[in-house]
Every structure is written in C-alpha cells, then in structure tokens.
Amino acid sequence: MSKVVDHLKGVFSGDAQADRVVPPSGFTARLTSFAAATMAFLTVFALALSMASGRLAMKWGDELTHSSTLRISAPAGQMADQTAAALRLLETTPGVATARALTSDEQRALLEPWFGPDLPIDALPVPQLIEIQETDEGYDAAGLRLRLQAEVPGAVLDDHTRWRKPLQQAAGRLRMLGWVSILLIGATTATMITLAANAALAANAQVISVLRLVGARDDYIAQAFVRRFTLRALAGAAIGTAAGLIAVMILPAAQEKGGFLTGLGFQGMGWFWPLLIPPLAAIVAFFATRAAARRALSELT
Amino acid sequence: MSKVVDHLKGVFSGDAQADRVVPPSGFTARLTSFAAATMAFLTVFALALSMASGRLAMKWGDELTHSSTLRISAPAGQMADQTAAALRLLETTPGVATARALTSDEQRALLEPWFGPDLPIDALPVPQLIEIQETDEGYDAAGLRLRLQAEVPGAVLDDHTRWRKPLQQAAGRLRMLGWVSILLIGATTATMITLAANAALAANAQVISVLRLVGARDDYIAQAFVRRFTLRALAGAAIGTAAGLIAVMILPAAQEKGGFLTGLGFQGMGWFWPLLIPPLAAIVAFFATRAAARRALSELT
Amino acid sequence: MAYGYGGAELLSDISLKLSPGSFHFLTGPSGSGKTTFLKLCYGALTATSGEVRLFGQDVRTMNRDDHALTRRRIGVVHQDCQFLDHLPIADNIMLPLNVSGRDDLEDVANLKELMGWVGLGKRGDAYPPTLSGGERQRAALARAVIMSPDVVLADEPTGNVDWEMSQRLLQLLIELNRMGKTIMIATHDMNLIRAAKNNVQARVLRIANRKLQLAGADL
Amino acid sequence: MAYGYGGAELLSDISLKLSPGSFHFLTGPSGSGKTTFLKLCYGALTATSGEVRLFGQDVRTMNRDDHALTRRRIGVVHQDCQFLDHLPIADNIMLPLNVSGRDDLEDVANLKELMGWVGLGKRGDAYPPTLSGGERQRAALARAVIMSPDVVLADEPTGNVDWEMSQRLLQLLIELNRMGKTIMIATHDMNLIRAAKNNVQARVLRIANRKLQLAGADL
Ligand SMILES: Nc1ncnc2c1ncn2[C@@H]1O[C@H](COP(=O)(O)OP(=O)(O)OP(=O)(O)O)[C@@H](O)[C@H]1O
Ligand SMILES: Nc1ncnc2c1ncn2[C@@H]1O[C@H](COP(=O)(O)OP(=O)(O)OP(=O)(O)O)[C@@H](O)[C@H]1O
Ligand SMILES: [Mg+2]
Ligand SMILES: [Mg+2]
C-alpha cells in the first residue's frame with residue numbers, strides 16, 4: 001500500500017526526464033483522453049438523471065405521505081362536538097404534527113368543481129374535513145382508527161395509502177433506473193480507460209523494451225507511463241465533466257412548471273457529486289496503467 | 001457510392017487470403033469489440049428508457065385527453081330538459097365520440113369520499129354530470145362552450161386542461177431525456193468505434209507498409225482491415241445488445257403495479273429497435289476503418 | 001535528377017539509365033544516400049527535381065495503383081527487413097504472390113526450392129520475430145525474388161550473413177541476372193563485389209559528394 | 001551451460017569465462033546462435049541448463065532490479081537497433097545516463113566527443129527513423145558505451161557501415177579495451193577480425209555444431 005502512495009506522489013510531483021521517454025501522443029493516447037471525456041460526460045448525465053429522480057421520488061413521497069384527511073359525518077347538532085373531540089384526540093396522537101378543521105370556505109372551494117360556486121354548504125349535510133399533517137415518523141393509522149371508532153364514531157380516516165403506493169413505486173423505479181445507469185456507465189468508464197491504457201502500452205512495446213535494455217528499472221518505466229496516463233485520464237474526465245455540466249445546465253430548463261418531474265439538473269450539494277468524476281477516472285487510470293505496465297514488463301527480462 | 005457497395009459486398013463475401021494479412025488480435029482489436037459491446041449495451045438501456053417514457057407520456061396523454069366532463073346545475077325542474085338538450089347538442093358536436101349522463105348511483109359513488117355513502121342525492125341540488133369521450137381529433141372546446149352558453153345556460157364544461165398540461169409536460173421531458181441519452185450514447189458509440197479503429201490501424205502500421213512494399217493495392221489492404229473491423233464491431237455490438245436485452249428483461253419487473261411508470265422494457269414493435277444497433281455499429285465501423293485505412297495508406301507511397 | 005530530405009540536397013545531378021539485364025553494385029560511405037537512391041528507383045520517394053521513369057512511365061504521373069503494379073515488377077530487399085509478424089516465414093515469402101492474386105502450384109514448388117537455396121528450408125514454419133538477423137535478410141531476399149520480378153533492388157542483403165552464405169545469395173542474384181533480370185545491390189562489402197566481378201559483367205556505382213559516379217576498375 | 005528455444009537445443013555444453021579486460025570476437029554461420037549467446041551473456045535469456053554468472057552473481061538468483069543494475073554495467077549493441085523514435089538521436093544516446101539518474105556536465109562533453117567519433121556529430125538532432133542503416137548502428141554503439149560500462153557486447157556492429165567507418169568503430173572499442181573494459185563482438189567480417197588482431201590481443205570464438213570453440217590462428 002505504501003508503494004501505491006509513493007507512486008501516487010510520483011504521479012503528481014513528476015520527473016521531467018522520465019516524462020520524456022513516453023511518446024507524447026498518438027491514437028491510443030488520444031483514445032484514453034477521449035474515453036475518459038465521453039464517459040465522464042455520460043456519467044454526469046446519469047448522475048443528473050438519478051438525482052432528478054431521487055428528488056422526484058422525494059417530492060411525491062412528501063406531498064402524499066405527510067398529509068391525510070379525516071372526514072366527520074354526523075347529524076348537524078353533533079358536528080361541532082365530534083369535530084372538537086377528533087381534534088383533541090389527534091393532538092394527543094404521536095406522529096401527528098398538526099390537525100386543522102377546514103373552514104366552510106375551504107370546503108366550498110374543494111366542492112366547487114362538483115356543484116358550482118353557489119352551493120349552500122351550511123344547508124347541506126356536508127361532512128366536516130380535518131386536514132392532518134404528519135411528522136416525519138408518521139402515525140399508526142390502524143391505532144388511530146381504533147381510537148376514533150371509540151370516541152368519534154362519525155369519523156373516517158383517509159390516509160391516502162391508495163394514492164401513495166403507485167407514486168412511490170414509480171418514483172422508486174425512476175431512482176433505481178438512475179442508479180442502474182450510473183453503475184453501468186461507471187463500469188463502462190472504468191473498463192474503457194483500462195482497455196485504452198492497455199492498448200496504449202501495447203503500442204509502446206518498443207519504448208518499454210528499449211528502456212529495459214538500457215538498464216531502466218521497472219519502477220522508473222511504470223511510473224513514466226502511469227503518470228502520463230493518469231494525467232491524461234484526469235484531464236479528459238475533467239473536460240468531459242465540465243461539458244456534461246454545461247450541457248445539463250443549458251438543457252431547456254422550464255423546470256418549475258413541470259410539476260411531476262423536477263428539472264434535470266443539480267441542486268445544492270448535488271453539484272458536489274459530478275466533481276468526483278475526474279478524480280475517480282484518474283484513480284482508475286492509475287491502477288489500470290500500473291497493472292498494464294507491470295504485465296508488459298513481466299514479458300521482458 | 002457504387003464503390004462503397006462493392007466494399008460492403010467484399011466485407012461479407014470475404015477473401016480468406018486477404019483476411020490472414022491482418023493480425024488476429026491484440027489489445028486494440030479487443031478494444032474495438034469491447035467498445036462496440038459496451039456501447040451497444042448502454043444504447044439498449046437508453047432505448048428502453050426512451051421507449052418507456054414514450055409509453056408513459058402516451059398513457060398520461062390518453063387517460064386525460066380523451067375524456068372531459070360537463071356539469072349541469074339547474075333548478076330541479078329544468079334539470080332533465082337541460083340534460084337532454086346538452087346530450088343532443090353533444091351528439092352533433094364533431095369530435096365527441098360518446099356523451100353519457102351519469103346515473104345517480106355513479107354520482108353518489110363519486111361523491112362518497114366526501115359525504116359518505118348515505119348521501120340523499122336526489123334531495124340535494126347536486127349537478128348532473130355528463131361524461132364525454134372525445135375522438136382522437138378532439139373537439140373545439142371554445143366553440144362548444146359558446147354553443148352550450150346559448151342552449152344550455154346551466155352547463156359548465158371541464159375539459160381537464162388544468163390537469164393535462166403538467167402531466168404532458170412531465171412526460172415530454174421524460175421522453176426528451178430518453179432521446180437525449182440515446183443521441184449521446186449513439187454519438188459516443190460512433191466516436192469510440194472510430195477511435196478504436198484508428199488505434200488498431202496505427203498499431204498495424206508495419207503490416208500496412210509491408211503489404212504496400214510487396215505490391216498490394218490500396219483497395220486490397222483497406223478491405224482486409226475494413227472487413228476485420230466491421231465484423232468485429234458487428235460481433236461486439238451483437239453481444240452487447242443481447243446482454244442489454246437480457247439485462248432489461250431481468251430487471252425487477254413488477255411492472256403493472258407501477259401505475260405512473262410503465263415498466264422499463266420493450267413491448268411489441270419496440271423489440272425491433274434494439275436489433276438495429278449491431279448493424280448500425282457495423283456501418284460506423286465500416287466507414288471509420290475505411291477512412292482510417294485510407295489515411296494510413298496516404299502516408300505511404 | 002536530384003533529391004533532398006527537407007532543406008539540404010542529398011543527391012544532385014544524377015542521371016542514370018538501368019538497361020534491362022544489367023548488374024549494378026552501389027557503394028558509398030554510410031549515410032551517403034544509397035538507400036535513398038534505391039527508394040527513388042522503386043518510386044517510394046519522388047525526386048525533388050528532375051524526372052524518374054519506371055518502365056518508361058514518369059513517376060509523377062503514376063497513381064497509387066500504378067505504384068502497386070510497378071512494385072510487383074520490382075523486388076526490393078530493405079536494409080531493415082520487415083515482415084508480417086503473425087504469419088510464418090513461408091507465408092511471408094509468398095506474400096507478393098498472394099497480394100497480386102497469384103498462387104498456383106508452380107509457385108509453391110518454386111517456394112520450396114527458393115527457401116532451400118537461401119538456407120531457410122527447415123525454418124518455413126518459424127515466425128519472423130524468432131529469426132536471426134541473417135535469416136531475416138535471406139527471407140527478405142527470397143520474398144523479393146519469388147515473383148521473378150524484372151528488377152531486383154537489394155539494400156545490403158549480405159550485411160548479416162557469413163561469407164559462404166553471401167556467396168550463395170550472390171549466386172542466386174547472378175542466376176537471375178542471367179535470366180535477363182536487372183539487378184542492383186547496395187553494399188559495403190568490397191569482397192562481394194570482387195567475387196561478383198569474376199562471374200558477371202557488373203558495373204559499380206559509387207555515391208560520393210552527392211554525386212553518382214561510375215567507379216573504375218579500381219577494386 | 002546449454003540453451004534451446006522450445007524443444008531443440010541450440011547451444012550445448014558451453015563453458016566460458018570472460019576475464020575482465022579481455023577482447024573477444026564471436027563468429028559462426030548465420031543462425032548458429034551468436035545473438036542467442038550474447039543474450040545469455042547479459043541475462044536477457046536464462047540458460048535452460050547450467051549456470052550463468054554475471055559479475056559473480058548467478059542469473060537465476062537475480063531479481064528484476066538486479067537485472068536493471070547489471071545492464072548499466074553492460075553496454076549492448078543489438079543486431080536490430082531500436083531507439084525511442086520520438087526523441088532526437090542525441091537524447092537516445094544519453095538515455096542510459098538518464099534512466100540511471102546520471103547526467104552531469106562531464107557526460108555531456110563526453111557525448112559530443114563520442115558522437116563525433118562515430119560520425120554523427122552533425123546529426124544529433126535527427127530522429128531515429130530518419131537515420132540511415134549505418135547511422136543507426138553507430139548510434140547504438142554510442143549508446144552502448146556512453147555509460148563506460150565494464151563490458152561491451154556488440155552484435156554485428158559493423159554490418160552496415162563502410163570499411164573506413166568500421167575501422168573507426170573498432171578503434172573505439174580497442175581504446176575502451178585498453179581502459180580495461182571487456183569487449184565481445186559478434187561479426188561475420190573476417191577482415192575486421194584480422195585488422196583487430198594487429199592492434200590488440202583478441203581471441204576468436206566460433207560457434208559451430210552447437211558448440212563454442214576457440215578458433216586458432218587460422219585466419
Ligand atoms: N526520412 C528522412 N528524413 C531526413 N533525413 C533522412 C531520411 N532518411 C535518410 N535521411 C538521411 O539521409 C542520408 C542518407 O541516408 P541513406 O539511408 O540513403 O544512407 P545510406 O547510403 O543508405 O547509408 P547506410 O550505408 O548507412 O545505410 C543520411 O544522412 C540520413 O540520415
Ligand atoms: N525467440 C526465438 N524462438 C525460437 N527460435 C529462435 C528465437 N530466436 C532465435 N531463434 C533461432 O535460433 C537460431 C539462432 O539464432 P541467433 O539469432 O542466435 O543466430 P545468430 O548466430 O545471431 O545468426 P545471425 O548471424 O544470422 O544473426 C536461429 O535459427 C533462430 O531462428
Ligand atoms: Mg542504407
Ligand atoms: Mg544474430
């Protein structure tokens with residue numbers, strides 16, 4: 001392990017002399033940078049996708065999990081009593097953040113699509129609705145129902161489970177999709193960089209054998225290549241990441257209107273994750289080139 | 001163009017003799033196959049994503065676009081007349097497929113979440129609802145509203161625009177996301193294969209110069225390489241596509257419950273599109289290798 | 001005709017006609033331009049001034065396929081012989097036949113005889129990277145003559161082989177010359193030239209001071 | 001000590017000690033195993049049977065870094081000289097110094113003199129692919145001796161250079177030998193051996209029939 005650290009130090013300190021022994025460019029070299037760049041670009045997109053779907057899942061979850069409705073149907077005379085009882089009961093229920101009886105106006109607004117604005121709500125046996133905001137932990141719906149049955153016989157609890165399930169599933173699927181893409185693209189990036197490093201080293205077989213002939217140590221040779229390719233992958237991935245971020249930013253952005261999908265993009269701490277891509281690419285390149293160089297060297301005496 | 005066709009024929013007919021002059025394998029060769037394979041794999045995923053989102057968008061569109069509701073609020077005496085008038089009017093409106101007044105039971109069912117099952121619906125000034133199924137073309141909502149105003153003053157048309165908009169936007173965004181991924185991954189595939197072909201040809205510079213020295217024609221040399229790399233890309237992409245299809249199929253599939261997201265996967269004609277990937281990869285490889293071979297040859301006399 | 005890499009002129013004012021059936025040696029100090037001259041002769045380089053005609057055709061007017069066809073009539077032994085490293089040496093020697101679409105039975109018999117002659121009879125299945133320096137040169141010579149080309153240009157074909165073998169190779173070239181082929185050999189080996197002069201009417205060309213001169217009987 | 005590629009034995013029952021300061025020629029027909037023998041001498045190949053000691057250390061017990069260090073004490077001129085094609089020839093000749101972390105001013109002066117001696121004084125900025133065959137060989141020799149190694153192994157170092165230049169190169173090796181270096185030259189050129197014998201006490205080894213023999217004064 002300490003050898004790896006030494007190596008890593010070498011990569012960044014650098015030895016101008018050792019550096020020159022590696023041919024400056026060529027197709028295989030360009031391939032390394034390009035593979036790193038495009039794969040970084042795709043990774044940024046996959047990250048953006050999985051973050052957006054993560055946010056989406058959270059939003060769907062939030063909107064529906066944390067509120068439920070209590071409906072009280074009772075003869076006009078008992079309505080106020082039962083409502084008060086229900087409110088009292090809810091206040092003492094663990095997991096209920098707030099409970100609030102809707103006003104007549106609010107109820108009318110809810111019913112308007114059905115009956116039009118002129119509904120004489122007070123004259124009707126319209127049930128009283130109570131809006132419940134849950135805490136993060138949520139409450140025990142079954143227990144609450146039991147207590148309500150005992151104390152407020154006219155109350156019906158609607159905890160939105162019916163609506164919540166499919167939305168949560170959908171959001172979960174989206175999030176999984178994001179992670180699957182990120183895993184796939186990450187794995188592809190690593191393999192691509194590995195293969196490119198191998199190809200580049202194969203193309204440089206003559207350089208390696210000449211160096212070995214004139215008495216260079218394995219470490220010297222490996223480090224010259226490792227340094228070059230690690231930096232190349234780092235630069236390529238940095239460019240790709242930057243391009244990806246820019247592309248994500250300029251994607252048609254009318255985000256807020258979307259309602260169901262928050263915009264594709266990064267928010268807050270989310271900006272931090274794509275910045276990990278270039279160092280990760282560099283680390284992959286480091287180990288891939290190191291292994292490839294050692295393999296190439298082991299074929300020579 | 002006819003030269004290209006000749007070439008393409010050559011690729012598949014093959015000349016065992018010419019074939020042998022290209023070294024059988026090596027890292028750069030493996031790179032070509034691998035690049036084709038992984039990129040095909042990713043393309044299958046992007047395709048699956050964009051098709052799933054396409055279906056999703058269609059579903060959302062379908063569910064909401066093709067039905068709307070007419071609400072008739074009228075004094076109890078005129079209700080039947082106005083309903084009949086509205087139905088008559090709707091029947092003559094182009095774009096309306098069916099129009100049907102809901103029965104009392106249906107209306108009660110709709111209102112049940114609000115008022116409980118014991119609503120005395122006949123005693124209430126509940127409006128009459130008419131469910132309209134549109135044809136695919138849809139009707140002219142503004143024109144219909146005008147006519148209704150004249151003939152059925154108590155009617156209010158709710159064409160669900162309010163709900164439709166954000167869902168359609170969200171679905172559109174998903175679909176766009178799918179297409180963007182597919183474009184990106186497609187472009188990356190092409191570039192990757194091109195670079196790999198170039199790297200492989202650069203690694204084979206000696207082969208090319210020896211062949212040229214002993215009097216081989218450009219066409220002979222180019223075709224040997226083009227054939228090899230086209231087949232390699234084809235095989236790689238075929239493997240990658242197959243792996244991608246298998247992966248998409250075994251992805252946790254509880255599809256139908258998802259509700260908002262149809263499952264990630266291919267349906268019906270959708271299975272046809274991924275089959276295009278290997279030939280497309282082969283075509284890219286064909287042109288990339290051809291161009292690379294010609295470039296390499298042009299540096300020799 | 002003149003030629004120069006980049007700025008400086010390397011060969012200047014050269015005028016020469018290789019008549020069919022002639023036998024030439026090309027000498028000159030190392031770095032004087034022998035290889036360059038041979039490359040001009042088979043059209044790998046184009047003269048910077050003046051005109052080079054191959055089989056009567058001006059090099060400047062030849063397209064790439066013309067070049068390929070010309071090379072089938074000119075066998076070249078390079079100073080650093082390159083092969084297809086993934087094919088056995090016998091296949092490498094047959095390569096000129098394969099790329100020109102000719103490989104009938106007669107040629108296969110030919111191959112055997114030829115490989116025996118250059119002392120590679122038993123090594124036909126070896127791969128080029130496992131050959132010794134001299135074996136590579138002999139294989140390159142065999143590859144150059146297998147098509148029985150009209151002209152054979154050999155750059156230092158005996159640099160890495162022993163005296164006996166170089167006599168054998170020379171004999172092969174002399175035979176070819178008797179069959180009417182034009183031969184041009186670049187070499188430093190004066191003994192080889194002397195040995196050849198006993199057997200064949202050879203002319204010795206010498207590159208010195210950027211000029212091509214006919215060396216006298218001063219050997 | 002014996003060695004064989006794959007199945008067949010190529011060299012067998014060889015026993016030799018190169019004493020410091022000695023001067024050896026190695027001859028033998030093409031393909032007899034001269035290059036193979038030299039590779040055994042600098043540890044690129046390991047004997048299939050028997051023992052090879054380099055500077056007193058058994059090759060089998062040496063690890064990869066030991067090999068690298070040994071090569072700094074042995075200058076090798078390969079038959080097919082390879083360079084780093086992307087560096088000018090002067091840098092290529094300096095390469096052994098660079099990879100061993102030595103490149104002081106004295107060495108730079110050394111380089112100039114050495115390049116002048118092998119006739120490459122003016123071509124230091126040229127890249128290896130643009131060199132002529134002889135120039136490559138001379139560059140390889142210069143690279144082999146720049147570290148002033150204890151042993152110089154040269155495989156056919158004069159195969160592509162003219163007689164005068166080969167005399168100069170021989171002179172260089174003889175000078176080095178006088179400074180106490182051990183020299184071993186594989187060559188086909190009997191004239192070169194004869195010329196050397198006038199100047200230095202050289203022993204001629206001959207590989208024939210898979211054996212290494214000391215050739216008598218039969219030249
Ligand atoms: N591609 C090139 N670019 C620049 N200079 C070159 C190139 N090829 C050869 N030269 C130079 O031209 C000169 C003549 O080279 P050439 O190979 O023709 O010499 P030669 O007579 O064959 O020598 P040798 O006997 O050593 O093989 C040399 O000094 C060489 O360095
Ligand atoms: N890597 C290898 N694998 C198998 N056989 C080999 C290998 N290298 C060399 N040989 C064979 O071993 C024999 C001796 O080769 P070597 O290169 O030592 O000959 P040499 O004496 O140097 O000949 P030359 O004078 O032609 O250079 C040759 O027949 C050669 O084909
Ligand atoms: Mg030359
Ligand atoms: Mg040898």
Side-chain angles (χ1 to χ4, degrees), chain A residues 2-3 6-7 9-10 13-30 32 199-229 231-232 290-301, chain D residues 38-47 52 54 59-60 62-78 80-88 90-103 127-129 139-140 142-147 149-151 153 155:
Chain A
S2 77
K3 259 193 128 176
D6 271 6
H7 249 282
K9 264 192 227 149
S13 66
D15 169 355
Q17 199 51 59
D19 226 29
R20 292 189 63 210
V21 303
V22 182
S25 193
F27 264 108
T28 42
R30 246 177 284 165
T32 314
L201 273 167
N204 283 308
Q206 174 170 337
V207 172
I208 296 179
S209 79
V210 168
L211 286 174
R212 193 70 198 158
L213 176 72
V214 299
R217 293 182 169 189
D218 283 1
D219 279 352
Y220 179 94
I221 302 172
Q223 188 160 320
F225 280 95
V226 165
R227 181 178 147 75
R228 179 65 63 94
F229 284 98
L231 293 180
R232 228 168 236 165
R290 197 149 155 275
R294 291 193 177 271
R295 180 147 22 84
L297 281 166
S298 73
E299 281 163 21
L300 302 169
T301 40
Chain D
L38 292 182
K39 282 189 176 161
L40 286 166
C41 289
Y42 72 89
L45 297 173
T46 310
V52 177
L54 299 181
V59 169
R60 285 175 213 277
M62 286 166 68
N63 65 20
R64 298 184 55 82
D65 278 349
D66 289 340
H67 271 292
L69 295 180
T70 312
R71 288 205 192 143
R72 296 180 188 174
R73 299 178 62 188
I74 304 181
V76 181
V77 183
H78 259 268
D80 57 328
C81 358
Q82 293 191 322
F83 298 93
L84 299 190
D85 287 346
H86 62 285
L87 291 182
D91 288 4
N92 265 290
I93 295 176
M94 292 281 277
L95 202 58
L97 298 173
N98 291 336
V99 303
S100 56
R102 264 182 49 187
D103 52 347
Y127 287 86
R143 184 178 65 185
V145 303
I146 189 132
M147 290 270 278
D150 298 332
V151 179
L153 305 175
D155 199 353

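Since this is a predicted model, take the numbers as computed values, not measurements. First the proteins, then the strands, lettered A, B, ... as listed; each starts at 1.
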How far apart are the closest heavy atoms of [X] and [Y], and which atoms are they?
X: D:R71; Y: A:R212; answer: NH1-O, 3.5 Å
X: D:N63; Y: D:D66; answer: OD1-N, 2.8 Å
X: D:D85; Y: D:P128; answer: OD1-CB, 3.8 Å

Proximal component of [X], with respect to chain D [non-hydrogen, under 4.5 Å]:
X: A:V210; answer: side chain
X: A:S298; answer: backbone
X: A:I221; answer: neither

Taking every non-hydrogen pair under 4.5 Å, which of [options] racks up the most with chain A?
options: D:C81, D:S100, D:A44; result: D:A44
options: D:M62, D:R64, D:M147; result: D:R64
options: D:L84, D:L95, D:V76; result: D:L84

* **Geometric cation-pi criterion, A:R228 with A:F225: 6.0 Å, 45°** => no
* Structure fact -> Given A:L213, A:L297, A:V207, the one with more heavy-atom pairs under 4.5 angstrom with chain D than any other is A:L213
Please state whether the side chain, the backbone, both or neither of [X] comes within less than 4.5 Å of a heavy atom of chain A.
X: D:F83; value: backbone
X: D:N92; value: neither
X: D:R143; value: side chain

* Taking side chain as C-beta onward, heavy atoms only, is A:R227 less than 4.5 Å from A:L231? ->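 A side-chain contact exists here, since the closest heavy-atom pair is under 4.5 Å.
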* **Flag side-chain contact, heavy atom, 4.5 Å: A:L211 against A:I208** =>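 No - every pair of side-chain heavy atoms lies 4.5 Å or more apart.
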* Stepwise side-chain contact (heavy atoms from CB on, under 4.5 Å) test for D:T46 and D:V52 -> CA-CA 8 Å; D:T46 310; D:V52 177; over 6 Å; no
